[in-house]
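Down below is the structure, laid out as structure tokens.
By convention in this document, chain letters (A, B, ...) are assigned in the order of the sequence lines, proteins followed by strands, and residues within each chain are numbered from 1.
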There are 2 protein chains.
Amino acid sequence: MPMDAEQLRDHAHKMVDFIADYYKTIQTFPVLSQVQPGYLGKLLPDSAPNYPDSLQNVLNDVQEKILPGVTHWQSPNYFAYFPSNSSIAGFLGEMLSAGLNIVGFSWITSPAATELETIVLDWLAKALQLPDDFYSSGQGGGVIQGTASEAVLVVLVAARDKILRRVGRSALPKLVMYASDQTHSALQKACQIAGLNPELCRLLKTDSSTNYALSPDVLSEAISSDIAGGLVPFFLCATVGTTSSTAIDPLPALGKIAKTNKLWFHVDAAYAGSACVCPEYRHCIDGVEEADSFNMNAHKWFLTNFDCSVLWVKDRSSLIQSLSTNPEFLKNKASQGNMVIDYKDWQIPLGRRFRSLKLWMVLRLYGLEGLRSHIRNHIEMAAYFEELVGQDTRFKVIAPRTFSLVCFRLLPLLNSEDHGNKLNSDLLDSVNSTGNAFITHTVLSGEYVLRFAVGAPLTERKHVDMAWQILQDKATALLESS
Amino acid sequence: MPMDAEQLRDHAHKMVDFIADYYKTIQTFPVLSQVQPGYLGKLLPDSAPNYPDSLQNVLNDVQEKILPGVTHWQSPNYFAYFPSNSSIAGFLGEMLSAGLNIVGFSWITSPAATELETIVLDWLAKALQLPDDFYSSGQGGGVIQGTASEAVLVVLVAARDKILRRVGRSALPKLVMYASDQTHSALQKACQIAGLNPELCRLLKTDSSTNYALSPDVLSEAISSDIAGGLVPFFLCATVGTTSSTAIDPLPALGKIAKTNKLWFHVDAAYAGSACVCPEYRHCIDGVEEADSFNMNAHKWFLTNFDCSVLWVKDRSSLIQSLSTNPEFLKNKASQGNMVIDYKDWQIPLGRRFRSLKLWMVLRLYGLEGLRSHIRNHIEMAAYFEELVGQDTRFKVIAPRTFSLVCFRLLPLLNSEDHGNKLNSDLLDSVNSTGNAFITHTVLSGEYVLRFAVGAPLTERKHVDMAWQILQDKATALLESS
């Protein structure tokens with residue numbers, strides 16, 4: 001029987017122990033998987049089995065064949081990209097959601113899934129002190145998307161259709177979108193999917209003079225020049241906490257420009273939004289009052305297992321106009337009577353999981369104060385790492401640290417031909433190949449820069465110390481050999 | 001500590017018991033939630049808590065406040081929409097995926113996540129006897145999308161860009177898409193998102209003469225007329241197992257037309273694809289040889305918890321050309337060296353969960369033979385239900401049953417003003433309000449039709465009998481009162 005309650009109980013208890021043991025031993029694995037491309041094909045058969053196998057055999061295969069190919073995002077030695085927090089509450093929420101296994105596209109398909117989402121996103125809007133316009137009680141509201149990529153795509157499409165309703169469909173090839181060159185690549189992809197003219201997706205240049213934030217002057221000039229050229233500006237995306245260096249675009253000034261030019265103003269705070277539940281970081285999103293939409297990824301740094309990207313909009317009807325469908329087979333009295341929210345009309349897919357459960361459980365089991373200490377703890381460790389880097393004159397911090405990401409590099413020797421780019425790339429490989437720390441990189445103003453992102457829930461100061469020790473040792477070896 | 005292995009163990013064991021108990025008692029809940037809109041707001045506070053609460057309190061709230069608002073898709077009395085299978089293996093796969101909580105956008109972020117997905121989709125392609133072109137060893141391959149909506153959107157965008165590369169970007173407003181009027185609304189939504197001219201999304205009329213399948217003649221005429229009008233046909237979507245009535249579009253004839261006219265040919269077998277692992281149903285997708293892409297939802301009827309929609313394409317480079325991004329912060333040697341698949345370039349979002357784990361566990365723990373009996377068992381029950389309907393002269397089966405969906409209606413009394421539409425709508429409400437069965441409806445040729453979809457893993461013949469008894473009793477009451 002594929003669903004027998006007692007067999008579920010027995011098997012799932014075994015899986016719990018497997019996962020708890022995984023966390024107990026997580027430091028014994030290389031944090032960045034060291035396998036070679038194609039490794040798994042050599043270990044697995046080339047057809048699905050015809051007959052059932054036992055759970056024990058499957059778990060043995062997980063241990064012996066799958067885990068070596070896992071990069072351990074939950075390892076305390078994980079400092080790559082941005083974090084992807086797992087927590088007990090987030091994990092329990094995923095379990096419950098998978099256990100109920102409902103598909104909550106319309107209110108009627110599980111009223112609790114829709115209503116809990118609305119309520120919890122109002123809670124979170126309040127915790128972030130978002131303007132009232134983003135609450136569900138007005139014309140706006142929040143919705144859980146899978147990722148920030150989907151969030152920016154849905155608002156881009158809503159904004160596109162809104163302007164086209166005003167100026168006519170034939171203006172599609174003239175629509176201009178603005179953002180900085182530090183904006184996440186998801187935006188460019190969204191423009192591509194939405195059929196916008198790729199040449200009119202303006203990624204405005206930034207540099208160290210603004211700490212890689214978008215300059216309002218540069219934006220204003222670009223808009224004026226486009227209007228003069230007969231084009232139709234319609235969308236501005238600002239970022240609070242860019243992926244490369246956690247730069248913060250100046251929302252108040254950008255918001256004013258957006259308003260004057262009637263642009264849809266989207267604020268992407270996918271990573272840094274979580275920090276803004278702390279009063280001392282809330283100022284980072286000052287100016288969000290002028291935004292039409294605001295996004296943060298609870299699945300990054302807010303203890304909510306992936307995926308859970310939270311999007312608020314001020315005018316939900318724009319989303320619904322672009323994304324609603326109403327086929328006969330989904331009609332029901334609650335929807336037809338406009339008595340309820342049907343989140344299918346706020347997102348790309350039809351089906352949707354009961355993701356609000358995990359966000360609700362995170363808020364319940366940790367409380368806002370618990371979440372604030374979680375954030376502060378990581379920021380303190382990043383500040384500590386920044387200090388360590390500052391104390392070693394061979395290294396240099398490259399961009400100011402605001403949250404829990406430190407951008408730094410090993411300074412090249414004099415007369416170095418590549419100005420240190422190869423050196424730092426080699427350092428990265430050398431550190432990551434130890435399996436005892438995983439960091440990633442970016443390029444800022446043409447320089448290859450290392451990124452050290454603190455944020456895994458298990459990370460403690462001793463792990464930061466160890467990573468720094470590895471970095472120092474590998475740097476010494478590299479400098480000596482060069 | 002948000003992630004302590006022993007606390008995880010303790011709490012997760014409690015959650016396992018909660019979920020196992022839920023399945024033991026699932027029949028005690030009304031299958032369709034009977035709450036009124038706004039019920040939950042009255043039960044929950046209006047702010048997130050500041051301090052942590054206990055798991056026991058949260059579980060009590062789930063039991064008392066959340067579960068009454070759940071529509072129980074896993075109830076054996078669920079016969080609505082299409083099924084959304086949960087199974088022990090699928091649930092365990094979700095647990096493990098949530099436990100590892102990796103974000104597998106690129107190969108390097110967890111090689112096992114990418115490689116297991118490729119391997120398992122090759123297994124499934126083999127089980128479905130898909131043509132070799134869909135295997136990863138050639139130019140094609142499979143990828144897990146969240147939903148069929150996302151699957152059709154990505155192939156639509158790939159097809160759009162492919163034709164625009166050939167004929168020039170300015171042809172965008174002239175592109176024509178073809179499908180039948182029975183095609184899932186997800187396709188229209190995808191056209192809207194992709195910026196296609198909504199007037200050129202041709203949903204060709206079907207009727208009972210073809211059992212609601214798309215007529216190749218109607219398609220040919222539409223294409224000829226569009227070409228004559230200077231338009232650019234580029235995409236055809238055929239469905240095997242439509243949502244309303246599981247109609248089967250004639251793939252071989254449609255595929256030939258697509259080939260002649262150089263259309264991208266997508267086959268949506270979201271629901272019925274699962275049945276095609278049984279040799280006796282494989283003929284339903286004969287003609288898939290001509291398709292450019294093929295989609296089935298393992299999360300519908302293949303014991304794989306939501307979400308898991310499987311898409312195969314013959315030419316993966318088309319997808320990648322449309323959907324790839326390559327920001328500096330994601331670059332790594334394996335990707336840059338083209339040594340690996342990065343599934344981020346095959347889908348809309350960047351981030352992705354380790355969903356292949358659950359499909360792999362389903363295949364391992366049930367085997368293909370186990371999955372085949374699961375499918376056959378449901379089809380037999382649907383055939384049994386069809387027989388029951390046929391024996392009661394007050395009812396009529398409306399469309400031929402092929403899989404596990406029966407479309408039927410209560411015949412109106414003579415001189416009925418609404419020709420039975422209100423009668424059947426009332427019957428639906430009346431049945432669903434009992435909480436002992438949940439069915440949904442559609443409209444075929446203007447007639448309101450009831451849909452009885454067998455497919456929940458816990459459904460046995462006695463549940464079909466009970467649902468039929470309720471339908472008969474409620475029909476008697478309605479006919480008497482009218």
Report summary line: If one checks every heavy atom of B:Glu115 against chain A at 4.5 Å, the contacting part turns out to be both
Query raised in the report: So what's closer than 4.5 Å to chain A heavy atoms on B:Lys344: side chain, backbone, both or neither?
Result: backbone
Requested in this report: Would you mind checking which part of B:Asp17 comes under 4.5 Å of any heavy atom in chain A, side chain (CB onward), backbone (N, CA, C, O), both or neither?
Outcome: both
Report task. Answer with yes or no whether the side chains of A:Glu94 and A:Ser97 bring together a donor and an acceptor at under 3.5 Å. Result -> no
Query raised in the report: When A:His299 is tested against each of A:Trp73, A:Phe306, A:Phe82 for ring-ring contact (aromatic ring centres under 6.0 Å, His included), which residue passes?
Result: A:Phe306
Query raised in the report: For chain B, which of A:Leu44, A:Asp122, A:Leu458, A:Thr440 has the most heavy-atom pairs under 4.5 Å?
Result: A:Leu458
Query raised in the report: What residue in A:Met361, A:His184, A:Arg169 has the most heavy-atom pairs under 4.5 Å with chain B?
Result: A:Arg169
Query - B:Ser54 portion near chain A, given a 4.5 angstrom heavy-atom threshold - result: backbone
Query raised in the report: Relative to chain A, which segment of B:Leu303 carries a heavy atom at a distance below 4.5 Å: side chain, backbone, both, or neither?
Result: side chain
**Report entry** Aromatic ring proximity, centroids under 6.0 angstrom, A:His13 and A:Phe18
**Finding:** no
**Report entry** A:Asp161 side chain to B:Gln192 side chain, donor-acceptor N/O pair below 3.5 angstrom
**Finding:** yes
Report task. May I ask you to decide whether B:Arg364 forms a salt bridge with A:Asp61, counting only side-chain N to carboxylate O separations under 4.0 Å? Result -> yes
Query raised in the report: Under 6.0 Å between the ring centres of B:Tyr81 and A:Phe105?
Result: yes
Query - Proximity breakdown for B:Glu6 and chain A, heavy-atom pairs closer than 4.5 Å - result: side chain
Query raised in the report: Is the distance between the ring centroids of A:Tyr448 and A:His441 less than 6.0 Å?
Result: yes
Query raised in the report: Heavy-atom distance under 4.5 Å to chain A: side chain of B:Lys24, backbone, both or neither?
Result: both
Query raised in the report: Which one, A:Gly104, A:Pro457, A:Ala194, A:Pro327, leads in non-hydrogen pairs under 4.5 Å with chain B?
Result: A:Ala194
Report summary line: Looking only at A:Ser87, A:Ser149, A:Pro49, most heavy-atom pairs under 4.5 Å shared with chain B are made by A:Pro49
Query raised in the report: Short question: side chain of A:Lys358, backbone of A:Asn305 - any donor-acceptor pair under 3.5 Å?
Result: yes
Query raised in the report: Non-hydrogen atoms of chain A under 4.5 Å away: do they reach the side chain of B:Leu67, the backbone, both or neither?
Result: side chain
Report task. Side chain from CB out, backbone as N, CA, C, O: work out which of these in B:Ala186 comes under 4.5 Å of a heavy atom of chain A, or both, or neither. Result -> neither
Query raised in the report: With distance as the sole test, does A:Ser110 use its side chain to make a donor-acceptor pair with the main-chain N or O of B:Thr71 at under 3.5 Å?
Result: yes
Query - B:Arg451 side chain vs A:Phe329 backbone, donor-acceptor pair below 3.5 Å - result: no
Report summary line: Counting heavy-atom pairs under 4.5 angstrom with chain A, the leader among B:Pro37, B:Ala98, B:Gly195 is B:Pro37
**Report entry** Residue among B:Asn197, B:Val340, B:Ile119, B:Leu172 with most heavy-atom pairs under 4.5 Å to chain A
**Finding:** B:Ile119
Query raised in the report: Do B:Arg352 and A:Asp307 have side-chain heavy atoms sitting under 4.5 Å apart?
Result: no
Report task. Show your reasoning for whether side-chain contact (heavy atoms from CB on, under 4.5 Å) applies to A:Leu96 and A:Phe91. Result -> CA-CA 9 Å; A:Leu96 186 55; A:Phe91 177 68; over 6 Å; no
Report task. Would you mind telling me which of B:Ile66, B:Asp4, B:Val449, B:Val157 has the largest number of heavy-atom pairs within less than 4.5 Å of chain A? Result -> B:Ile66
**Report entry** Contact class of B:Val443 relative to chain A, heavy atoms under 4.5 angstrom
**Finding:** both
Report summary line: Output for pair (B:Ser322 OG, B:Leu164 CG), nearest 0.5 Å, gives 9.0 Å
Report summary line: Interface check, chain A: of B:Thr147, B:Asp53, B:Val362, most non-hydrogen pairs under 4.5 Å belong to B:Asp53
**Report entry** Segment of B:Asn297 engaging chain A (4.5 angstrom heavy-atom cut-off)
**Finding:** neither
Report summary line: When the 4.5 angstrom heavy-atom criterion is applied to B:Arg160 and chain A, the contacting part is side chain
Query raised in the report: Counting heavy-atom pairs under 4.5 Å to chain B, which of A:Leu55, A:Asn57, A:Leu323, A:Leu357 comes out on top?
Result: A:Leu323
**Report entry** Side-chain (A:His11) to main-chain (A:Arg9) donor-acceptor, under 3.5 angstrom
**Finding:** no
Report summary line: From the list B:Ile341, B:Asn326, B:Leu350, the residue making the most non-hydrogen contacts under 4.5 Å with chain A is B:Leu350
Requested in this report: Against chain A, label B:Pro68 side chain, backbone, both or neither, depending on which of its atoms sit under 4.5 Å from a heavy atom there.
Outcome: neither
Query raised in the report: Is it the side chain or the backbone of A:Ser84 that comes within 4.5 Å of chain B heavy atoms, both, or neither?
Result: both
Query raised in the report: Between B:Gln347 (side chain) and B:Pro349 (backbone), is there a donor-acceptor pair under 3.5 Å?
Result: yes
Requested in this report: Side chain from CB out, backbone as N, CA, C, O: work out which of these in A:Tyr22 comes under 4.5 Å of a heavy atom of chain B, or both, or neither.
Outcome: side chain
Report task. Give, as side chain, backbone, both or neither, the part of B:Ile108 having an atom under 4.5 angstrom from any heavy atom of chain A. Result -> both
Requested in this report: Determine, for B:Asp429 against A:Lys333, whether the closest basic-nitrogen to carboxylate-oxygen distance falls under 4.0 angstrom.
Outcome: yes
Report summary line: Applying a strict 4.5 Å limit to non-hydrogen atoms, the region of A:Ala127 in contact with chain B is neither
Query raised in the report: Do you know which of A:Leu368, A:Asn101, A:Thr442, A:Asp10 has the most heavy-atom pairs under 4.5 Å to chain B?
Result: A:Asn101
**Report entry** Selection from B:Ala80, B:Gly367, B:Gly370 maximising heavy-atom pairs under 4.5 Å formed with chain A
**Finding:** B:Gly367
Query raised in the report: Do B:Ser47 and A:Lys126 get their side chains close enough for a donor-acceptor pair, meaning under 3.5 Å?
Result: yes
